[in-house]
Amino acid sequence: MLTLPIIGKWFYMILSGEKGEEYREIKLYYMTRFKKIFEMHPNSYIPKGTDIKEICFRNGYGSSRPEFVAKCSLDIKTGREEWGAETGKEYYTLKIHEIVERSGC
């Protein structure tokens with residue numbers, strides 16, 4: 001399962017249901033990781049956006065930090081400023097559908 005670190009502010013906003021998406025820059029680091037678990041269009045790093053996978057989000061780094069597992073789909077789109085995105089910038093966007101497990105939070 002893919003584990004992504006996330007800062008506390010966004011971590012707790014997702015847990016409370018206030019934030020429904022998490023953003024990651026479109027760069028090779030995330031391209032290769034997302035391509036391993038999400039279905040992409042042929043010969044590209046563009047997600048089809050139709051499959052839902054479980055992703056672990058950890059509040060910071062280290063195995064003893066609070067974490068949760070959420071069912072997510074992946075798309076590419078501009079994000080919302082109030083959720084940490086820059087205006088007009090496209091991101092890999094993980095849509096949070098459901099939190100299925102919590103640990104330490």
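One distance of note links OG1 of Thr50 with CG of Leu74; it measures 10.5 Å at 0.5 Å rounding. For the atom pair Cys72 SG and Ile14 CD1, the distance stands at 8.0 Å (nearest 0.5 Å). Rounded to the nearest 0.5 Å, atoms CD1 (Ile55) and CD1 (Ile6) are 12.0 Å apart. The distance from atom CG of Asp75 to atom CD1 of Ile46, rounded to the nearest 0.5 Å, is 10.5 Å. The structure places CG of Leu94 at 7.0 Å from CD of Glu22, a figure rounded to the nearest 0.5 Å. Rounded to the nearest 0.5 angstrom, Ile76 CD1 and Thr93 OG1 are separated by 8.5 Å.
By the salt bridge (Lys or Arg N to Asp or Glu O under 4.0 Å) test, Glu82 is found to be paired with Arg80, residues two or more places apart in sequence or in another chain being considered. With sequence neighbours excluded, no residue forms a salt bridge (Lys or Arg N to Asp or Glu O under 4.0 Å) with Lys95.
In the hydrophobic clustering of ILVMFWY residues, with side-chain heavy atoms under 4.5 Å counting as a link, Leu4 and Ile7 come out together. One hydrophobic cluster, built from ILVMFWY side chains closer than 4.5 Å, cannot hold both Val69 and Trp10; they sit in different ones. Residues Ile52 and Leu2 do not share a hydrophobic cluster, clusters being chains of Ile/Leu/Val/Met/Phe/Trp/Tyr side chains in contact below 4.5 Å. Met31 and Tyr29 fall within a single hydrophobic cluster, where Ile, Leu, Val, Met, Phe, Trp and Tyr side chains are chained together by heavy-atom contacts under 4.5 Å.
Considering only heavy atoms from C-beta on, Leu15 comes within 4.5 Å of Cys105 through its side chain.
Within the structure, salt bridge (charged side-chain N to carboxylate O under 4.0 Å, His left out) contacts touching residues 54-68 (residues at least two apart or in different chains) are Arg58-Glu67. Within the structure, every pair that satisfies the ring pair (Phe, Tyr, Trp, His ring centres under 6.0 Å) test and touches residues 38-67, not counting sequence neighbours, is listed here: Phe57-Phe68. For residues 33-44, the salt bridge (charged side-chain N to carboxylate O under 4.0 Å, His left out) pairs, not counting sequence neighbours, are Glu39-Lys48. The ring pair (Phe, Tyr, Trp, His ring centres under 6.0 Å) contacts involving residues 83-105 comprise Tyr23-Tyr91, Phe34-Tyr92, where partners must be two or more places apart or lie in separate chains.
Atom NZ of Lys89 has more than 12 neighbouring heavy atoms from other residues, nucleotides or ligands inside a 6.0 Å radius.
Of all the heavy atoms in Tyr12 and Pro66, the pair that sits closest is OH-CG, 4.0 Å. Considering every non-hydrogen atom in both Gly60 and Pro5, the closest pair reads O-CB, 3.5 Å.
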